[in-house]
Amino acid sequence: MISANAALTGSYDPLQVALSVLIAVSASYAALDLAGRVTATRGRARLAWLIGGSTAMGIGIWAMHYIGMLAFRLPVPVEYDWPTALLSLLVGILCSAFALVVVSRRRMGLTYALIGSAIMGCGIAALHYIAMAAMRLPAECRFDFRLVALSVALAIVFSFVALWLEFYFRDEPKNSAWRKLGSALVMGVAISAMHYTGAAAATFIPAASALDQSHAVSISSLGTLGIAAATLQVLGVAVLSSLVDRRFDAQALELALAQARLELAHVARIATMGELTASIAHEINQPLTAVVTNGNFALRQIASGAPNLEELREAIAEIVNDGTRASAVISRIRALLQKGAPDRVELDINEVIQEVTILVRHEATLSGVSVRLDLAADLPRVLGDRVQLQQVLINLIINSIEAMRTLTDRPRQLLIKSAKNADAVLIQVQDSGKGLDPEQVERIFEPFFTTKPQGIGMGLSISRSIIESHGGRLWTVPGSSGALFQFTLPTNGNSVS
Ligand code: ADP
């Protein structure tokens with residue numbers, strides 16, 4: 001028989017206490033993880049993460065409190081009023097939504113964090129005491145107000161720590177999983193400390209008055225396990241979907257970067273074309289002048305009444321040749337200016353070098369540079385984008401021509417070499433200019449690094465990304481006279497016939 005005024009003595013089921021701490025730690029981990037998603041996304045996606053995230057977190061915090069309460073065994077049957085329990089769940093979800101909004105702000109000042117943690121702490125304490133109010137048992141609940149105050153203070157302090165931790169770890173890189181886990185442990189233990197202090201503040205005195213048990217439900221040990229399993233599942237799904245979403249985001253970013261690189265390559269190509277305008281005009285003008293000369297000659301032959309058929313045939317053949325040459329130059333320029341996804345075909349790199357040499361010939365002559373080709377015979381074919389590889393060669397050659405413009409004490413020479421190299425072909429572009437400053441060698445491949453007053457500094461960085469996207473390597477060779485750039489391109493083993 002229980003005496004009228006003595007408090008009921010309860011005991012804790014250690015397994016269920018451990019379960020409640022595990023749920024608190026899992027909810028904290030999910031919170032840290034979801035905060036990152038809410039911060040990284042915008043618009044509808046952000047709203048979806050906010051609603052989904054706060055529901056998962058709310059269920060986590062709520063389940064932790066109920067399992068903590070269920071772990072406390074009293075010598076009388078305890079039931080729970082489900083509408084009140086539902087209200088406490090709602091408070092938990094609102095509290096989590098508030099926390100996610102606070103930590104996903106761009107900046108967080110001290111005042112903001114203090115106000116945020118006061119609101120959040122009071123919310124968690126409200127959840128806890130509403131949950132206790134849901135208890136239906138033949139006893140009256142009395143509170144030790146010092147312990148109640150301590151539990152609210154703990155909830156506020158814990159919220160402050162949690163908000164800071166969430167704010168700082170929300171967009172940490174992947175390798176921060178351990179740190180996140182550490183923070184989740186700290187946060188989980190703090191939530192548990194708040195709960196068990198709150199629980200210690202209550203004593204139960206047997207009551208004689210009749211109980212209102214209209215909406216009460218009893219929860220067995222099996223029920224506790226069910227709540228725990230379902231909660232862990234919800235938190236697991238939340239963390240998993242956040243992981244999947246992050247992967248998708250990373251992929252989208254990579255795609256956008258690749259697209260931007262393509263756009264940049266196009267812009268650089270047009271800039272290069274600008275530099276080459278004079279050369280192009282010359283390349284087209286030359287065959288056109290020849291066509292006019294030969295055409296006039298043919299007309300005069302015909303007008304003479306007795307044309308020399310052999311000479312006439314030669315003149316017309318030359319007209320056809322020059323016309324073909326001019327149209328080839330034009331189609332090469334069109335290809336160079338065309339934007340589009342890389343077009344990989346099997347090609348002869350020597351042919352690409354020869355085409356580019358024709359395009360830059362005039363520019364080289366104007367700058368007094370003699371161009372020499374040393375191309376290996378029987379090179380294997382490479383799989384590549386003709387236009388992109390032309391662009392790399394043009395960048396290297398124009399850089400060399402520019403580097404030699406001020407040279408007066410020795411001949412301005414440009415040597416373009418191709419050779420077989422293991423399972424790749426090696427292409428070298430060497431000039432007799434002042435060479436590369438050893439202190440700048442590492443930096444010249446960086447985007448926007450330039451030493452020229454009119455330079456853009458994109459040529460080498462784009463060239464390197466093009467070669468690397470072909471599976472090759474572009475680098476400089478130190479210790480050579482002048483500058484020596486070389487690149488490799490993997491081969492498919494078939495030699496050019
Ligand atoms: P930009 O030509 O617009 O300056 P690049 O990326 O093509 O940009 O080159 C970066 C820098 O590398 C150049 O400004 C120059 O200082 C150096 N550089 C490139 N090629 C040569 C070369 N052949 N000889 C000497 N310096 C070079």
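Keep in mind it's a predicted model, so treat the numbers as computed, not measured. Whatever order the structure lists them in is the order used to number ligands and atoms, beginning at 1.
Proximity of Glu355 to Gln390: side-chain heavy atoms (C-beta onward) are separated by under 4.5 Å at one or more points. Side chains of Ile427 and Leu393 form a contact here, defined as non-hydrogen atoms less than 4.5 Å apart.
Qualifying ring pair (Phe, Tyr, Trp, His ring centres under 6.0 Å) partners for Trp49, counting only residues two or more places apart in sequence or in other chains: none.
Donor-acceptor pairing under 3.5 Å is recorded for the side chains of Ser104 and Arg46. Between the side chains of Arg37 and Ser242, no donor-acceptor pair is found at a separation under 3.5 Å.
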Find all protein N or O atoms under 3.5 angstrom from an N or O atom of ligand 1 and list the pairs with distances, or write 'none'.
unit_1: ligand 1; atom_1: 2 (O); unit_2: Asn399; atom_2: OD1; d: 3.2
unit_1: ligand 1; atom_1: 2 (O); unit_2: Lys452; atom_2: NZ; d: 2.6
unit_1: ligand 1; atom_1: 3 (O); unit_2: Ile456; atom_2: N; d: 2.9
unit_1: ligand 1; atom_1: 3 (O); unit_2: Gly457; atom_2: N; d: 2.7
unit_1: ligand 1; atom_1: 4 (O); unit_2: Thr450; atom_2: OG1; d: 2.5
unit_1: ligand 1; atom_1: 6 (O); unit_2: Gly459; atom_2: N; d: 3.4
unit_1: ligand 1; atom_1: 6 (O); unit_2: Leu460; atom_2: N; d: 2.8
unit_1: ligand 1; atom_1: 7 (O); unit_2: Asn399; atom_2: OD1; d: 3.3
unit_1: ligand 1; atom_1: 7 (O); unit_2: Asn399; atom_2: ND2; d: 2.9
unit_1: ligand 1; atom_1: 8 (O); unit_2: Gly457; atom_2: N; d: 3.4
unit_1: ligand 1; atom_1: 14 (O); unit_2: Thr450; atom_2: OG1; d: 3.3
unit_1: ligand 1; atom_1: 14 (O); unit_2: Thr451; atom_2: N; d: 2.9
unit_1: ligand 1; atom_1: 14 (O); unit_2: Thr451; atom_2: OG1; d: 3.2
unit_1: ligand 1; atom_1: 16 (O); unit_2: Thr451; atom_2: OG1; d: 2.4
unit_1: ligand 1; atom_1: 20 (N); unit_2: Asn399; atom_2: ND2; d: 3.4
unit_1: ligand 1; atom_1: 23 (N); unit_2: Asp431; atom_2: OD2; d: 2.9

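The two residues Gln440 and Thr451 have their closest heavy-atom pair at OE1-CG2, 3.6 Å.
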